[in-house]
Number of protein chains: 2
Amino acid sequence: MPNIRDIAKRAGVSVTTVSRVMNDHPYVKEEKRERVLSAMKELKYTRNIQAVHLAKGYSNMLGIVLPTIDHSYFSGIVTGIAEKAQECGMHFALFQTGYDPLKEKEALMSLKEQRVDGLIFCSNALSDRDILKWQESGPIIFCHPTPHDPCSSVSIAHDQAFKEALEHLAACGHERIAIVLARTEGENSQVRIQTYQEMMRSLGQDIDDEWVIEGKLTIFDGKQLFTEWKEMKNRPTALLITNDDVSAGFLLEAQRHQINVGESPAILGFQNDQLSEALGISSIDIPLKQMGQEAFDLFKQALQGEAPEKRVLSYRLVERTTTILKNNR
Amino acid sequence: MPNIRDIAKRAGVSVTTVSRVMNDHPYVKEEKRERVLSAMKELKYTRNIQAVHLAKGYSNMLGIVLPTIDHSYFSGIVTGIAEKAQECGMHFALFQTGYDPLKEKEALMSLKEQRVDGLIFCSNALSDRDILKWQESGPIIFCHPTPHDPCSSVSIAHDQAFKEALEHLAACGHERIAIVLARTEGENSQVRIQTYQEMMRSLGQDIDDEWVIEGKLTIFDGKQLFTEWKEMKNRPTALLITNDDVSAGFLLEAQRHQINVGESPAILGFQNDQLSEALGISSIDIPLKQMGQEAFDLFKQALQGEAPEKRVLSYRLVERTTTILKNNR
DNA sequence: ATGAAAGCGCTAACAT
DNA sequence: ATGTTAGCGCTTTCAT
C-alpha cells in the first residue's frame, strides 16, 4: 500500500500538499492538485484512516450499547441512530451486553481508549451515575428518562405513559390489573411500581404479589406469561405489558387456547411495532426510530461542546382489540 | 490524558519497558513491572487504541454489511457473529445499505482504508465478483452460496431447500404454487426461479406470471401479499414464501378475513423464528445464529491466511399448521 | 533485562 | 501557494 509520501514523491510535491488536496484545503495550485490526484489514481492510493484518526484525535465512530440487537425494540432505536449517523459520515459499533454490567464496562473502556468518540446507551445495568463518571472521555447519551442527573437523554415520559396506560385499563372497567416489566427498566422500574401501587390504591384494589411480573422480553416469554396467568389463583383481568413482543406471545398463546383477549383478559402493550398492529394489540406507541435520531443529535451536540439536553418525546395510546372501553366513553 | 511517555517518566523506565508491561512480554523485572503498573494506576492511564492499531497495522474491527438491522433475519446472523467476535475481543461495525450498491461500496472503502480488518456480507446488491475484487484489502465472507467464486461463504443449500419446499407443497396436493422472494437473493433468485419452473413443469402445471412475486420482506408486505393474492384471477392454492415475516403478515391478514390457512391457501415459509413458531407457520428452519458464528470463524481463518472455505449448513422442514400433507404420507 | 531510536501514516503549525 | 518538521501515541528492532 502506497502512503502519502509515495504520492508526494510521484507528484513531485511535499506531503503537505498531498494532505491539502485530500482535505480540500484552499491554496493549492490547480496544476499541482491535478498532479497529486493522478498520482493517487496511478498508485491506487487510499488514505489510512487510522493514521488520520490518530493525528486528528478522534475516531469518527460511535458506540451503541444495548443488551441485544435481536429484539425489535433495540433494532428500532439503532435504525434511527444509523440513519442520522450515515448522514454525517459517522460509523458505529455495537456493544451487546446481555444486561451484563461487565460488558457495559468494556464499552466504557472503549470510550476511554478512544476506540469510539461517544456512547449511546439504549439500556443499562450499571447505574446512570456510575456510567456518567466516564463522561470526561466523551459524550454519553441515555435513551431513558434521567431526571436526576446532569446529562443528555431522550425518551418518552415513561411514568406518565405508564400512568395513562393504567388509567386506560381502569376506564375499561378493570381493577385487578397486573404489570409485566422487562429487565430494561432498571432504576425506572421502582418508579413504575410505585405509580402502579398508587393507582391500585385509588381503585381500592389490593395488589397480589403475583401481579408484578418481571423479566419478560420475548414472544416466548409472552407465551409463558399466558400459562402463568392461567394458573394464578387470584387471576388479574388485565395486564399492562411493557413490551409488545411479550404482548404478542401472550395473545397468540391465548388464541391457541381459544381464549378471547379483550374483555378479560385485556392486555395493553408498549412499543407498537408492525407486529402489534398486525395482531391488533392495544399499545402505547413509542417512537423508537425518532428516539434513535434524536439520541444521535444529542451526541453530535455534545461533541460540539454544547450543554446536556433532555428531550421528551410524545407517545400515544393506540386502542385496538385487546382492550375494550366501558360505557362507550 | 497521560501517554506512554508520561508513564515511563513517572516509573523511571523507558517507554519500551512500559510497552512490554502492557503487552505481557517476558523479560521485565518484577520490580519495574510493579513500578510501571502503579504509575499507570496513579495517572489513570489508558492506552490509546488508535495508536496501537496504527503501529500494529490492524483495527481489530470487523464490518458487517446488511440491508437493515431492523429485521429478524439479519439481526439473527449478527447475533451469531457478535457472540464469536466477543469471545476474541473483536469489535464490529454495522454497514446498513438498504440494498444500495453505493453504500456497499462505502463499506468496501472502509475495508481499503483499514477502518475494518474484514467484511461479512449478509446480503449484497453488488455482484459477488465485484465485491471480491476488494479482497486484497482484507478477508470478505458471504452468507449465501457462492459456488462459482473462489471465496469463503456459509449458508444453507438454498436451492436444495427451495426444491424440498416445493416438493413438500406438491406432496400436500398443490399444483398451483406461487413463490414469494425477498430482494435478498440477488444472483440466487435466478436459480430459484429456474428450480421453480422445473418443478412446475414436472407437475404439468403452467406458471402464471403473477405467481412469481418479488420484493417482499416485512410483516406489512405479507399483509399486502394476502390482499394481492385474494385479488388474483388465477389464484394459486399454495405460496412458498422465502421469509417468515412475510408469512406471518400473510397469515394474520388471512385470519382477519376469516380465511383458514392450511388446506388452501397453504403457505410455507423460510427462517423459522419465534414468530413462525408462535403462529404455527410451516417453515424451513435456517440456523441464522450458527451461520453468523461460522461466518466469523471463516473470517478469523482468512485473517490467519488460511485458504477460503465454503460451509453448507443443514436446514430442516418444520411442518406446522399452514401446510397439510395429503394421503397422510 | 533494558533502552534508544526508527518507524506506523497522517496532520498542522510555522516558515518562506 | 508550498515545504519543513514536529508531532499524534504506540510498537519493535537492534544494540547493550
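Residue numbering restarts at 1 for every chain, and letters A, B, ... go by the order of the sequence lines.
Rounded to whole angstrom, the span from the CD atom of A:E113 across to the P atom of D:dG9 amounts to 15 Å. A straight line from CG of B:L54 to P of D:dG9 spans 12 Å, rounded to a whole angstrom. For the pair B:M1 CE and D:dC10 C1', the interatomic distance rounds to 16 Å; values are reported in whole Å. Whole-Å rounding puts the B:I4 CD1 to C:dG3 P distance at 12 Å. One can place NE2 of B:H53 at 12 Å from P of D:dC10, the figure rounded to the nearest angstrom. The interatomic distance linking A:K29 (NZ) with D:dA1 (P) rounds to 8 Å, in whole Å. Between the CD1 atom of A:I49 and the P atom of C:dC10 there is a distance of 10 Å, rounded to whole Å. Separating the NE2 atom of B:H25 from the C1' atom of C:dA1 is a distance of 13 Å, rounded to the nearest angstrom.
Among the heavy atoms of the strands, none lies under 4.0 Å from B:V18. If you check every strand for non-hydrogen atoms under 4.0 Å, B:R47 touches sugar and phosphate atoms only.
In this structure, CZ in A:R129 is found 8.5 Å from NE2 in A:H148, a value given to the nearest 0.5 Å. Note: B:I7 CD1 to B:R47 CZ = 14.0 Å, rounded to the nearest 0.5 Å. Rounded to the nearest 0.5 Å, atoms CZ (A:F142) and CG (A:L132) are 4.0 Å apart.
In this structure, A:T16 does not reach the D:dT2 phosphate: none of its side-chain N or O atoms is under 4.0 Å from OP1 or OP2. Proximity of B:K32 to the phosphate of C:dT2: a side-chain N or O atom is located under 4.0 Å from OP1 or OP2. Look at B:T17 and you'll find a side-chain N or O under 4.0 angstrom from OP1 or OP2 of C:dG3. Here B:K56 does not reach the OP1 or OP2 of C:dC8: none of its side-chain N or O atoms lies under 4.0 Å away.
Exactly one of A:S155, A:S152, A:S153 qualifies for a side-chain hydrogen bond (donor to acceptor under 3.5 Å, both in side chains) with A:T146. That residue is A:S153.
Looking at the side chain of A:R20, the nearest of the listed nucleotides C:dT2, D:dT11, C:dA13 is C:dA13. Side-chain proximity of B:M22 to D:dT11, D:dG3, C:dT2: nearest is D:dT11. Residue B:S14 places its side chain closer to C:dA4 than to any other of C:dT11, D:dG3, C:dA4. Comparing atom distances between the A:A55 side chain and each of D:dG3, D:dT11, C:dT11 picks out C:dT11 as nearest. For A:N3, the side-chain atoms get nearest to C:dG9 when compared with the rest of D:dC10, C:dA1, C:dG9. Among the nucleotides C:dT11, D:dA1, C:dG9, the one closest to the side chain of A:N48 is C:dG9.
A residue-by-residue look at B:V15 and A:Y45 shows that B:V15 has its nearest nucleotide of DNA chain C further toward the 5' end.
A perpendicular orientation is assigned to the rings of B:H71 and B:Y73, their planes being inclined by more than 60° (bins at 30° and 60°).
For A:F121 and A:H144, the ring centers sit 6.0 Å or farther from each other.
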